[in-house]
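Just so it is clear: chains get the letters A, B, ... in the order the sequence lines come, proteins before strands, and each one is counted from 1.
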There are 2 protein chains.
Amino acid sequence: MLLSKNYLFTEIEERVKKCGKKDIINLGIGDAVRPVPKKINRSYVNSAKQMGAKSTFKGYPPISGYQFIKEGVKKRYKRFGVSLSDEEIFISDGAKTDLYALLSLFSTSTALIHNPSYPAYADANLIYGNRIEFIKSCRQNCFLPKPCDLKENYGNGYLIYICSPDNPTGVVYDKNALKLWVDYALNTGSVIIFDSAYADYIRGDYPKSIFELKGAESCAVEVASLSKTANFTGVRCGFTVIKNQFTTDLDKLNNLFKRLKSATFNGVPFVSQKAGESALINVGECLKNTDYYLENAKMMRAFFNDKGIFAVGGENSPYLFFECPCRLKSFDFFDILLNKAGIVATPGVGFGSGGEGFMRISGFNFRKQITEAINRMDGLF
Amino acid sequence: MLLSKNYLFTEIEERVKKCGKKDIINLGIGDAVRPVPKKINRSYVNSAKQMGAKSTFKGYPPISGYQFIKEGVKKRYKRFGVSLSDEEIFISDGAKTDLYALLSLFSTSTALIHNPSYPAYADANLIYGNRIEFIKSCRQNCFLPKPCDLKENYGNGYLIYICSPDNPTGVVYDKNALKLWVDYALNTGSVIIFDSAYADYIRGDYPKSIFELKGAESCAVEVASLSKTANFTGVRCGFTVIKNQFTTDLDKLNNLFKRLKSATFNGVPFVSQKAGESALINVGECLKNTDYYLENAKMMRAFFNDKGIFAVGGENSPYLFFECPCRLKSFDFFDILLNKAGIVATPGVGFGSGGEGFMRISGFNFRKQITEAINRMDGLF
């Protein structure tokens with residue numbers, strides 16, 4: 001398997017540029033459009049001011065993060081019933097960086113990745129030279145593959161990627177299904193890399209952290225981000241959690257990760273961490289923000305239901321995954337949607353061959369644009 | 001060769017914590033202490049404000065950086081007589097990150113590293129699983145090893161690390177000596193990874209960029225940082241340059257790097273890039289800042305000269321590398337300096353076995369602390 005020439009979203013950006021159309025509504029990349037919430041932005045601005053004064057200036061940040069933001073992460077996990085200690089928390093500049101950095105930690109070199117899934121999983125493993133096995137995520141298994149969907153047990157254990165709520169499909173694992181994966185990982189010496197970037201969109205009774213599951217502490221790594229919670233896509237702040245119980249022959253896995261990070265990274269800016277702390281504490285502001293995007297997603301979900309178009313997601317996720325009309329292929333429908341309706345959505349096949357015939361559409365835009373997009377689609381479908 | 005248990009500066013931090021001494025003067029890690037210069041900080045604060053308003057909010061940054069800061073980088077290089085185009089510039093969150101990321105680009109898997117040198121070079125290569133050859137950097141070759149110092153020509157080419165002005169020794173390569181390395185790289189199919197993090201400390205007639213040398217465009221990658229130029233150690237902004245002329249069998253190297261970055265990184269915060277742009281343009285403010293630290297270094301250099309202690313650096317660099325008195329070993333003298341004088345310097349051996357018997361001391365502190373440190377050393381030596 002070869003790395004595709006362009007990263008998916010670079011490819012789409014280029015196609016949109018080429019089409020030359022004006023008044024395009026972008027529901028593609030899943031980038032935040034609303035500003036950083038008020039209180040959180042106040043922390044951001046104030047800490048930037050501090051960098052300009054002798055008495056409050058901050059130099060190199062601690063490699064794994066400042067204590068103040070770790071306290072915020074601990075409070076967050078307490079809400080899920082998970083208790084964390086300082087050395088289990090790594091403040092990051094977003095999920096993508098750590099998704100790649102983590103690969104240096106494992107001797108396991110076969111990744112088990114949902115097809116379709118967030119393209120950075122497969123890309124990182126290809127760049128790192130790992131082998132990849134795909135597991136079908138499809139209508140038949142409700143886009144929530146389980147260990148029983150595996151054709152065979154792979155001998156040496158996998159790096160199992162799970163994103164819940166999922167990108168691109170927007171579906172969520174419940175506790176029982178997730179437990180099957182934890183048990184499978186424990187039984188096979190596999191590692192779960194759990195991407196919880198969309199956890200704050202969960203409104204139903206689903207786990208927001210893999211560590212709500214017993215046993216996960218010794219086989220899972222959780223990669224989280226504030227990008228979609230507090231419109232931090234341009235602020236760049238997230239966190240990775242590795243519990244003390246996850247040990248290797250050499251040392252605790254979090255000790256190894258700290259050593260790795262200290263040789264390859266110089267920490268997250270003070271101002272991003274100050275904004276991050278504020279986002280972790282000001283839960284109400286973040287809830288208002290995620291509610292807004294969720295409402296957008298629900299409006300689109302209702303539209304697809306009305307039209308009788310098969311769609312999943314959009315209830316505990318900002319994303320919907322819908323079937324292209326007339327059995328069109330993803331990129332063909334992408335072009336129609338772009339040229340006929342001026343709407344950018346993401347071709348499902350960009351997330352893997354299993355996404356062929358589907359599109360991902362996101363609620364990350366203003367209400368006005370969503371309403372307009374629905375009107376335009378109404379004319380098209 | 002095994003990765004040491006702790007990263008050098010983590011180790012030192014822990015020793016300092018343990019000693020329990022108060023009133024310690026830290027001339028160890030080389031962290032900026034002065035605030036971000038005024039005009040530059042104004043850009044930082046203003047851009048943080050922009051993140052809180054709907055009309056000026058910025059989401060995901062472009063993977064290789066915003067156009068506005070690339071213009072700043074181009075202006076900088078123009079001052080050295082080097083012209084750059086947009087696709088040759090990659091805005092980074094500092095040099096260390098890209099020093100590691102770059103390793104995925106090369107099939108060459110033997111690094112040629114100065115002994116002593118900045119520990120992240122060897123660490124990154126060890127983590128990546130590369131072979132390392134060390135080249136002696138010592139009194140005999142003025143700490144400026146040349147290709148003729150190599151015992152033998154290695155068949156498949158090296159990843160040659162050059163830091164100039166050097167960390168830890170503070171010496172600088174002149175054009176002639178650097179040209180020898182460029183020619184060597186071209187002749188052997190080697191790659192030069194040129195670390196110019198301290199270029200803004202050069203006051204003499206030395207190259208500030210490897211691209212001032214003809215031929216470098218097709219064999220060198222330059223990794224630069226604003227950390228020491230504008231007190232950005234906590235802001236996190238740097239840049240990497242790969243010229244269009246550097247091609248591989250697959251593609252232009254900068255195209256490959258862009259692809260790699262887009263799969264493993266989500267860009268540098270808008271605010272860091274805005275501050276970075278300002279630092280690249282406000283040359284006067286940065287000059288005032290580096291002059292200050294240089295004056296500190298020169299004061300220490302004069303002190304060592306007076307005492308008849310052998311030292312290099314401190315003239316075009318914030319660092320000095322001095323011989324421990326009484327033929328003491330680095331860590332023994334580290335303990336004496338810490339416990340008897342309350343001064344933290346960095347044991348030379350921490351940068352490699354070739355640094356044994358030496359200490360690195362930095363000008364990164366306030367004038368008052370430097371004067372006091374000199375007084376204390378005067379009592380000790």
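- Each of A:Thr97, A:Asp123, A:Thr264, A:Val271 has some count of heavy-atom pairs under 4.5 Å with chain B, and the biggest count is that of A:Thr264.
- Chosen from A:Leu250, A:Leu260, A:Val33, A:Asp31, the residue pairing most often with chain B at heavy-atom distances under 4.5 Å is A:Asp31.
- A salt bridge links B:Lys274 with B:Glu277: the closest approach of a Lys/Arg side-chain nitrogen to an acidic carboxylate oxygen falls below 4.0 angstrom.
- Residue with the most contacts toward chain A among B:Val268, B:Asn266, B:Leu256: B:Asn266 (heavy-atom pairs, distance under 4.5 Å).
- Ranked by heavy-atom pairs shorter than 4.5 Å toward chain A, the options B:Gly94, B:Ala53, B:Ala275 are led by B:Ala53.
- Using a 4.5 Å cut-off between heavy atoms, A:Lys58 touches chain B through its backbone atoms (N, CA, C, O) alone.
- No donor-acceptor pair closer than 3.5 Å links the side chain of B:Glu87 to the backbone N or O of B:Asn254.
- Residue with the most contacts toward chain A among B:Ser272, B:Ala263, B:Gly267, B:Pro62: B:Ala263 (heavy-atom pairs, distance under 4.5 Å).
- At a threshold of 4.0 Å, the pair B:Asp251-B:Arg259 does not count as salt-bridged, since none of the basic side-chain nitrogens sits closer than that to a carboxylate oxygen.
- Contacts of A:Ser104 with chain B are made by side-chain atoms alone, with heavy-atom separations under 4.5 Å and no backbone atom involved.
- Looking only at distances, no side-chain donor or acceptor of B:Asn125 sits under 3.5 Å from a matching main-chain atom of B:Ile132.
- Of the two parts of B:Ala32, the backbone and the side chain both hold a non-hydrogen atom closer than 4.5 Å to a non-hydrogen atom of chain A.
- No other option in A:Ile29, A:Asn41, A:Asp98, A:Leu8 has as many heavy-atom pairs under 4.5 Å with chain B as A:Asn41.
- For a residue to count as touching a neighbouring chain, one of its non-hydrogen atoms must lie under 4.5 Å from one of that chain's; by this rule A:Thr10 touches chain B with the side chain only.
- The shortest heavy-atom contact between B:Asn231 and B:Pro37 is ND2-CD, 4.2 Å.
- Looking only at distances, no side-chain donor or acceptor of A:Lys228 sits under 3.5 Å from a matching main-chain atom of A:Thr290.
- A:Phe366 touches chain B through its side chain: at least one heavy atom from C-beta onward sits under 4.5 Å away, while N, CA, C and O do not.
- Neither the backbone nor the side chain of A:Leu99 comes within less than 4.5 Å of any heavy atom of chain B.
- Scanning all heavy atoms of the two residues, the minimum distance from B:Ala230 to B:Cys286 falls at CB-SG, 4.1 Å.
- Residues B:Asp93 and A:Arg236 are not paired through a salt bridge, judged by the lack of any N-O separation under 4.0 Å between the basic side chain and the carboxylate.
- Using a 4.5 Å cut-off between heavy atoms, A:Ala120 contacts chain B through both its backbone and its side chain.
- Side chain of A:Gln273 to backbone of A:Ile91: no donor-acceptor contact under 3.5 angstrom is found.
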